[in-house]
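Read the structure below first, then the notes.
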Amino acid sequence: MPYLGILIYACQLGFLVHALRTGRSNIWFYILLFAPGLGIAAYILVELLPEWLNLRPVRDARKQLVDSVDPERRLRALRQAHEDLPTTANKVPLAEELLHLGRPADALPLLEESMVGLHADDPTFGRLRAEALLMLGRPADAIDVLDEVAETNPEAADSKRRLVHARALCMMGRYDDGIALLRQLLPVFAGEEVRAWLARAEAERGDHAAAETLWREILTRAGKSTRSYRAINKAWIDEAKQGLGQAA
């Protein structure tokens, strides 16, 4: 019982300081002072929990959960928005979601329709178009698109575009160039995507020891990370487990 009292007092004092420093309403001082138990619970629910739920890792983890239950929920909303108003602003998010769901054949026409007029040389649209071509097994066409984007937008450094380029090189069998580019991108990306693509490339060219090392790195990093990090990188973690299972 004394420990509970100490805990309540510590929380009461901590939340009073937090309310003062963050400019919360004065009403919280009275609630926390005169009804500490209920006040602490109310402060967490009303003031702190909404902030915690708005943190990017938590938002991403919530999105991952929603996607696992209803993966086409966002697609339906984007498709409806496009049907209501088929503008470039609605075409590109729809195409991006289709790519996310592994449907490049549906995404590519939307991107080609978008890359006209003022958006003909848009580097983001070009990168998405190249990604769609890559997913359709057309790496040479993807590289042509990326080269056009680089020529018209030489100042637009895009690590995602370089990742698509590296994947295309590997798909064409140019593993030395593709793997070198992937290794350059390792410190640029925060998650496990690049490491997973690199492991896949090493395995495809026959360096299974290098691939196993990378897969183990993915699992080690995931084990030391937060639950939300693991949720965001679940596909790459699962791929690493599968790769090590096949190598065993």
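Numbering starts at 1 and runs along the sequence shown.
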- Message: What's the separation between atom CG in Leu214 and atom CG in Leu219, rounded to the nearest 0.5 Å?
- Response: 11.0 Å

- Can you list every salt bridge (charged side-chain N to carboxylate O under 4.0 Å, His left out) pair that touches residues 184-193, not counting sequence neighbours? Glu192-Arg195, Glu192-Arg221

- Does the side chain of Lys91 come within less than 4.5 Å of Ser114's, by heavy atoms? yes

- Task: Answer yes if Met135 and Met171 sit in the same cluster of Ile, Leu, Val, Met, Phe, Trp and Tyr residues linked by side chain heavy atoms under 4.5 Å apart, and no otherwise.
- Result: no

- Query: Side chains of Leu133 and Ile143: does their closest heavy-atom pair fall under 4.5 Å?
  - Reply: no

- Nearest 0.5 Å, what's the CG-CD distance between Leu108 and Glu113? 10.0 Å

- Message: Is there a path of hydrophobic side-chain contacts, each under 4.5 Å between heavy atoms, that joins Phe125 and Val116?
- Response: no

- Query: How close do Arg161 and Leu146 get, heavy atom to heavy atom, and via which atoms?
  - Reply: CG-CD2, 3.2 Å

- Message: I need the Leu163 CG to Trp197 CH2 distance, nearest 0.5 Å.
- Response: 7.5 Å

- Group every Ile, Leu, Val, Met, Phe, Trp and Tyr by side-chain heavy-atom contacts under 4.5 Å, then state whether Val92 and Leu101 land in the same group. no

- Note on the structure: By side chain to side chain contact (heavy atoms under 4.5 Å, CB included), Glu83 pairs with (sequence neighbours left out) Arg79, Gln80

- Task: Indicate the atoms forming the closest heavy-atom contact of Ala190 with Tyr229, along with that distance.
- Result: O-OH, 3.3 Å

- Note on the structure: Between Asn233 and Gly191 the two heavy atoms that sit nearest each other are OD1-CA, 3.5 Å

- Working to the nearest 0.5 Å, report the span between SG of Cys11 and CD1 of Ile44. 6.5 Å

- Task: Can you sort out the partners of Arg216 under side chain to side chain contact (heavy atoms under 4.5 Å, CB included), two or more places apart, ordered by chain and number?
- Result: Glu212, Leu244

- Message: Nearest 0.5 angstrom please: Arg129 CZ to Met115 CE, how far?
- Response: 5.5 Å

- Query: Which heavy-atom pair separates Pro109 from Ala105 by the least distance, and what is that distance?
  - Reply: CD-O, 3.1 Å

- Note on the structure: Residues at least two apart in sequence or cross-chain that pass side chain to side chain contact (heavy atoms under 4.5 Å, CB included) with Ala107, listed by chain then number, are Ala95, Leu98, Leu99

- Query: Around atom CG of Leu38, are there more than 12 heavy atoms of other residues, nucleotides or ligands at under 6.0 Å?
  - Reply: no

- Note on the structure: So the salt bridge (charged side-chain N to carboxylate O under 4.0 Å, His left out) pairs with at least one residue in residues 132-142 (sequence neighbours excluded) are Arg138-Asp141

- Query: What residue pairs, at least two apart or across chains, pass side-chain hydrogen bond (donor to acceptor under 3.5 Å, both in side chains) with a residue in residues 164-191?
  - Reply: Arg162-Gln184, Arg174-Asp177, Tyr175-Glu204, Asp176-Arg205, Arg183-Glu202

- Quick one: does Arg127's side chain get under 4.5 Å of Val149's, heavy atoms only? no

- Item | Spacing of Arg230 atom CZ and Ile232 atom CD1 [to the nearest 0.5 Å] | 11.5 Å

- Task: State yes or no: do Leu136 and Leu134 share one hydrophobic cluster built from I, L, V, M, F, W and Y residues joined by side-chain heavy-atom distances below 4.5 Å, directly or via other members?
- Result: no

- Message: Looking at every heavy atom in both Trp215 and Ala240, which two are closest together, and how far apart are they?
- Response: CD1-CA, 3.5 Å

- Message: With a 4.5 Å cut-off on side-chain heavy atoms, are Cys170 and Leu182 touching?
- Response: yes

- Considering non-hydrogen atoms only, spot the tightest contact between Ala199 and Ala211 and give its length. O-CB, 3.4 Å

